[in-house]
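Written out below as structure tokens is the structure these notes cover.
To find a chain, count down the sequence lines: A is the first, B the second, and so on, and within it residues start at 1. Quantities reported herein were computed from a predicted structural model and do not represent experimental measurements.
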Number of protein chains: 2
Amino acid sequence: MNCCEKNIDTEQLARFAKAMGHPTRIEILCYLASLDSCFFGDIHNELPIAKATVSQHLKELKDAGLIQGEIETPKVRYCINKENWEKAQQYFNGFFETKKEKVGCCAS
Amino acid sequence: MNCCEKNIDTEQLARFAKAMGHPTRIEILCYLASLDSCFFGDIHNELPIAKATVSQHLKELKDAGLIQGEIETPKVRYCINKENWEKAQQYFNGFFETKKEKVGCCAS
DNA sequence: ATTATTGTTCGTAGTTTTGCGAACAACAAA
DNA sequence: TTTGTTGTTCGCAAAACTACGAACAATAAT
């Protein structure tokens, strides 16, 4: 079973989706996407959760490739990973377009 | 912190993403998107996992609103939930477009 | 040296997810 | 009534996720 018979890596798409599968991580991504970059503390300030938890969410987003971080002692600067962001965009785009122009379903 | 200052429901987007956050569920969605509808058995046949597991994945996709199912005794017909599919498409689209036209990041 | 700042990592607790076989429910057929 | 077919639900086990405070690491300032 090959996903959509398109150039979409099923595993990779699922990995992106999984990383996005938590409201806090969506918030973080939205925030980062609205900026060019910012520090950990800025992100933490936007959220009502412990810094350890923020750090963990950032790690997952980084592991999924959606963001990147670099040390600017003593702070850490985070930003969207542009390359993978666009890849994810293409994947999701292609994925949903599969159904374009199709009609009927069961029920209404 | 309002996601992207757009008409995107953060919770809903995360819910969609979470449902898509598993390779098997991506496969199922792709399969359903390539058809108008099909039966549980057809989906099960495409996958190397136990029917109980398939049923569970289908339940999650249904709970997330991405698919729907109806009984056609003794079978169950599944299909994409078109309305929510398009909603999800719009959400993901809007989400990723946030970063459009932006440049610099930290690191490369 | 001591203190302060910034984040990460560790250890823990509770919840959720994933996957399976077995049991079950609903119905049709023999 | 018994047997088959089709899927769902139950109960279980292992793994992963979520969140937190505390401890820690790296560096700068006093």
Distance-only criterion, 3.5 Å: show the donor-acceptor pairs between side-chain atoms of residues 12-23 of chain B and protein atoms not counting sequence neighbours.
unit_1	atom_1	unit_2	atom_2	d
B:Gln12	OE1	B:Arg15	NH1	2.9
B:His22	ND1	B:Thr24	N	3.0

Between A:Arg77 and A:Glu70, is the closest basic N to carboxylate O distance under 4.0 Å? no
Atom pair NE2/CD1 of A:His57 and A:Ile28 - distance to nearest 0.5 Å: 6.5 Å
Over all strands shown, is B:Ser55 touching base, sugar-phosphate only, or nothing at heavy-atom distances under 4.0 angstrom? base
How long is the gap from CG on A:Asp42 to CG on A:Leu35, to the nearest 0.5 Å? 8.0 Å
Would you classify A:Ala52 as touching base, sugar-phosphate or nothing, given that sugar-phosphate means primed atoms plus P, OP1 and OP2, and contacts are heavy atoms under 4.0 Å? base
Close side-chain approach of B:Cys79 to B:Ile67, heavy-atom, < 4.5 Å: no
A:Lys75 near the nucleic acid: base, sugar-phosphate alone, or nothing, with a heavy-atom cut-off under 4.0 Å? sugar-phosphate
A:Phe40 CZ to D:dA26 P: how many Å, rounded? 18 Å
Rounded to whole Å, how long is the line connecting atom NZ of A:Lys51 with atom C1' of D:dC24? 10 Å
With sequence neighbours excluded, residues passing salt bridge (Lys or Arg N to Asp or Glu O under 4.0 Å) with A:Lys59: A:Asp63
Counted 5' to 3', the first and last nucleotides of DNA chain C within 4.0 Å (strictly under) of a heavy-atom of chain A are C:dT6 to C:dT9
So B:Ile49, base contact, sugar-phosphate only, or nothing? Heavy-atom distance under 4.0 Å. sugar-phosphate
Pairs under 3.5 Å (N/O, protein and nucleotides 11-17 of chain D):
unit_1	atom_1	unit_2	atom_2	d
D:dC17	OP1	A:Lys18	NZ	2.8

Give a yes/no on whether any side-chain N or O of A:Thr53 is located under 4.0 angstrom from OP1 or OP2 of D:dT18. no
Rounded off to whole Å, could you give me the CG-to-C1' distance for the B:Leu58 and D:dT6 pair? 13 Å
For B:Glu86, the salt bridge (Lys or Arg N to Asp or Glu O under 4.0 Å) test, sequence neighbours excluded, returns B:Lys82
Given D:dT9, D:dC20, D:dT5, which nucleotide is nearest the side-chain atoms of B:Pro74? D:dT5
Who are the ring pair (Phe, Tyr, Trp, His ring centres under 6.0 Å) partners of A:Tyr91, not counting sequence neighbours? none
Classify the ring geometry of A:Phe96 against B:Trp85: parallel below 30°, tilted from 30° to 60°, perpendicular beyond 60°. perpendicular
